[in-house]
Amino acid sequence: MKALVFERSLARFAAARVAGSWAPGGGARVGPLHLADVDPPELPGPGWRRITPLLSGICGSDLATVDGRSSRYFEPIVSFPFVPGHELVGHLEDQPSARVVIEPVLGCEARGIFPPCEACAVGDTGGCRHVAFGHLKPGLQTGFCADTGGGWSSSLVAHESQIHPVPEGLSDDDAVMVEPTACGVHAALAAGPVSDATVAVLGSGTLGLTTLAALRRLALPGHLISSAKYPEQRRWARELGADEVVAPDGIARAVRRSTRSLAAGRVLTGGADVVVDCVGSAESIATAVAVVRPRGRVVLAGMPGVVRLDLTPLWHREVQLVGAYAYGVEHLPGRPADTASDPDLPDPGRSGSLPRTFHLALELVAEAGLGRLVGARYPLDRFTEALTHAAEAGRRGTVKVVFDLRPETRRPAWRNA
Amino acid sequence: MSPRPGYVLEVDRSTPPLLMWHGESFRLERFPSGSRVVYPPEPLKPIEDPDAAIRAALENPLGDSAPLSALLRPGMRLTIAFDDVSLPLPPMRAPDVRQRVIEAVLDAAAAAGVDDVVLVAALALHRRMTEPELRHALGNRVYDAFAPHGLLTQHDAEDPDNLVHLGLTDAGEDVEINKRAATSDLVVYVNINLVAMDGGHKSVATGLASYRSLRHHHNVHTMVHSRSFMDQEHSELHSSNWRMGRMIAASGVKVFQIETTLNNNAFPDPFSFLSRREWEWSLRDRAGYLAASASLERTPDRIRRSIFHSMRAPMGLTSVQAGEVEAVHASTTANVYRQQLVPVEGQTDILTMGLPYICPYNVNSIMNPILVMCLGLGYFFNLYRGRPLVRPGGVLILSHPTPWAFDPVFHPSYIDFFEQVLAETTDPLEIEAKYEESFATDPWYVHLYRTGHAYHGVHPFYMWYWGAHALDHLGRVIIVGGDQAAVRRLGFRSASTLTDALEMAEDVVGRDPTITHIHNPPLFMADVT
């Protein structure tokens with residue numbers, strides 16, 4: 001089968017880092033990623049199914065990997081060679097009519113670990129304590145594990161615990177947005193109770209926009225400010241629920257004004273109750289810490305890597321800095337966990353009494369029409385173009401770039417990139 | 001020889017290229033044959049002995065006022081309010097006329113044994129003046145006598161302890177003014193009347209008022225219904241100020257108004273070509289233009305700005321009148337018209353104007369894009385009596401670099417207005433309804449206005465409202481040579497040359513439009529029939 005394979009090669013990794021620093025996405029041409037004919041992954045055991053991807057998205061973390069920018073933190077929890085691609089809609093290989101999305105986190109159940117860890121026991125797979133263990137090679141997610149394959153190919157395997165059926169009404173574009181939307185949902189709910197609060201979301205790429213949509217529909221903040229660099233991003237941010245959209249360098253002014261804060265030099269005396277950083281750069285984290293109010297919360301949703309940061313304001317203002325990775329189960333604001341559902345009724349979208357992030361994301365994608373964010377589709381063999389486009393998506397007026405792995409007959413030709 | 005009146009030139013093949021201001025520079029532009037160019041009148045001859053004229057005015061008041069000396073007595077509270085840094089433009093050569101007048105008033109007060117005297121800069125919601133600006137306006141003698149003792153103050157429209165609510169006008173307008181002035185036995189207001197809008201009851205009712213009071217006439221409705229706000233007979237702004245002024249008088253506040261007019265001798269010698277008609281340029285004028293253009297082109301922005309803002313106008317006093325407010329202002333207005341009025345027949349399809357480096361709100365600072373809008377669509381567009389120079393649905397072409405640049409000390413709320421409010425809408429009514437209050441009451445802007453040198457938080461709104469009548473009237477606004485992003489943010493079109501702009505205008509007004517260029521400044525007012 002055709003697949004984009006990421007090999008372990010320090011020389012190529014270094015080349016990708018240099019090329020990626022020159023031109024975002026440039027690592028695809030010289031780095032460890034290449035298109036190859038490989039054998040489909042073996043089914044690791046019972047409960048595993050073979051998936052044929054239809055659309056597979058390119059995520060910010062994929063781009064960081066391709067351009068050699070990802071943190072060495074990941075080294076022990078990924079296994080090579082791997083096929084990237086964790087945002088995908090596909091169908092079960094033996095049931096072409098059964099479209100599914102997969103929840104990529106490889107938790108205890110997928111790893112054959114029993115009893116599961118405390119986190120997986122309550123469905124919080126994003127917090128799995130066994131991420132590099134069990135009968136699978138290390139890999140925090142599908143798309144970073146040598147045993148599972150990934151979405152940038154024509155076949156991969158997924159455990160039944162990862163598989164969610166796609167409702168009839170959702171298009172392929174909607175479905176491929178479910179995973180990034182789940183990240184947005186998780187980030188939005190990591191903000192905590194925010195009703196009547198001022199929330200600032202930094203960045204209006206895919207994660208920023210899905211976070212905005214989730215905040216607007218699930219968390220109900222009082223005032224929602226978004227920063228967006230490009231005109232199309234500004235348009236989307238407004239459409240998805242931001243009350244105010246400003247340029248990245250205008251966020252401090254916007255927060256100051258909307259919270260009626262004073263400013264001592266460049267330091268706000270007040271600030272936003274919560275800031276969700278969907279960029280993950282040193283600059284954005286510094287901004288987040290600078291514009292959050294004393295004792296406020298900064299949610300780090302964008303993957304940061306190694307950054308240099310002055311933590312004095314964090315210390316002085318007693319700011320909480322919390323990460324928001326992936327998904328699992330969620331506590332919805334204003335809804336006590338024990339009354340969220342009837343435990344006697346089976347509900348595939350719930351783990352125990354809490355809704356699964358993916359289930360909320362499926363609803364949100366449909367409600368907000370997030371499939372519209374898919375702006376460009378590429379066949380696998382044009383992967384360098386696809387990755388370059390994804391790396392420059394904002395500037396080129398695109399939000400989400402995907403690989404289109406559907407047979408010709410299933411592709412709407414007019415919508416190809 | 002008496003100065004020549006204003007002049008309307010019809011451009012023909014022999015007309016040389018015409019000078020157009022372009023911010024901190026200027027350019028020569030050729031206009032199509034048949035275009036009209038309106039030139040200001042030449043400067044009126046100034047009064048030879050201004051100090052004697054001032055003393056005479058104080059002792060020979062107009063209206064039902066007694067002479068100043070008769071109003072002064074020992075033990076009284078005297079407040080002398082004066083116009084701020086926004087007048088005159090450019091700042092005049094020392095001694096400033098305010099200095100002359102205030103020294104004369106202080107001499108009279110001293111002679112009468114008045115001890116309790118306080119000076120107040122009538123800022124309204126403008127920025128506080130700096131020490132050098134106050135020294136320039138008042139002279140060192142006055143500054144050193146009053147400032148060290150806390151007797152030279154600047155009106156604070158946000159100081160609840162120093163404001164008095166005098167009541168409501170018949171139209172329900174709050175009248176709230178400076179407490180020191182309201183509780184004085186006499187307020188002497190010292191005015192410089194540069195344009196017909198200034199002075200009269202506006203001096204106290206606006207200059208010493210609070211936001212609560214100002215909002216009754218500094219709003220979109222008033223501006224759209226002031227046609228123009230430079231024409232007292234048809235100005236809702238004027239009417240509102242007059243209602244308030246009469247209410248102030250009725251509540252017992254005694255105002256002795258001193259108004260002055262200046263001639264339009266606006267530019268000093270090296271730049272005197274700016275005031276001349278191009279076909280009359282001497283060899284010296286041509287050399288001056290070439291030398292100034294060439295050196296300005298090579299000068300960094302900051303230095304160029306400082307060169308222009310250090311320019312002092314050799315303006316001369318053309319009249320001074322004192323006494324009862326309305327009688328004084330009637331005489332002042334006649335003197336303003338004597339210098340500025342130019343009869344113009346008929347409206348035009350396209351009106352062009354070059355905007356200079358300065359307007360009332362960027363003295364010693366940057367002319368930011370909002371002020372470009374205000375100067376073009378607020379001030380210059382409204383310098384008419386009768387009808388606007390440009391027809392309804394016509395096109396206004398401005399020439400200015402319109403940089404996306406702001407002075408963070410003087411104009412902090414302008415930055416947010418430009419980047420946040422104008423990013424959403426340019427509609428004055430929507431802006432007023434949705435955003436004004438939050439800016440006006442923003443504690444940070446209030447703090448900067450009261451303690452720094454910032455214009456009040458609401459000030460950029462007023463600048464935008466100032467152009468509301470023009471926005472309502474015009475079919476399109478084009479800015480030549482402006483920063484494209486900034487021009488777009490203003491909601492206007494951008495053109496790189498005047499020729500391009502004229503072509504773009506044809507989309508709106510059709511082919512072979514009539515074109516009128518106003519050769520301004522020096523300032524003039526078109527009397528359009």
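Owing to the predicted nature of the structure, the values given are computational and were not obtained by experimental measurement. Just so it is clear: chains get the letters A, B, ... in the order the sequence lines come, proteins before strands, and each one is counted from 1.
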*Exceeds 12 heavy-atom contacts within 6.0 angstrom, atom CZ of R493(B)*: no

_Could you go through R260(A) and W444(B), starting from their C-alpha distance and side-chain angles, then the distance that decides it, and tell me whether this counts as side-chain contact (heavy atoms from CB on, under 4.5 Å)?_
CA-CA 7 Å; R260(A) 300 172 79 79; W444(B) 179 233; over 6 Å; no

*chain A contacts: which residues in residues 408-416 of chain B have a non-hydrogen atom closer than 4.5 Å to it?*
I415(B), D416(B)

*asked:* So if I take each residue of residues 417-424 of chain B and look for any heavy atom under 4.5 Å from a heavy atom in chain A, which residues do I end up with?
replied: E419(B), Q420(B), E424(B)

*Residue by residue, scan residues 476-492 of chain B and write down, ordered by number, those that have a heavy-atom distance under 4.5 Å to chain A; if none do, write 'none'.*
none

*salt bridge (charged side-chain N to carboxylate O under 4.0 Å, His left out): which pairs involve residues 262-287 of chain A, sequence neighbours left out?*
D273(A)-R293(A)

*By a 4.5 Å heavy-atom criterion (distance strictly below it), what part of S258(A) contacts chain B: side chain, backbone, both, or neither?*
neither

*asked:* So for R238(A), is it side chain, backbone, both, or neither that comes closer than 4.5 Å to the heavy atoms of chain B?
replied: side chain

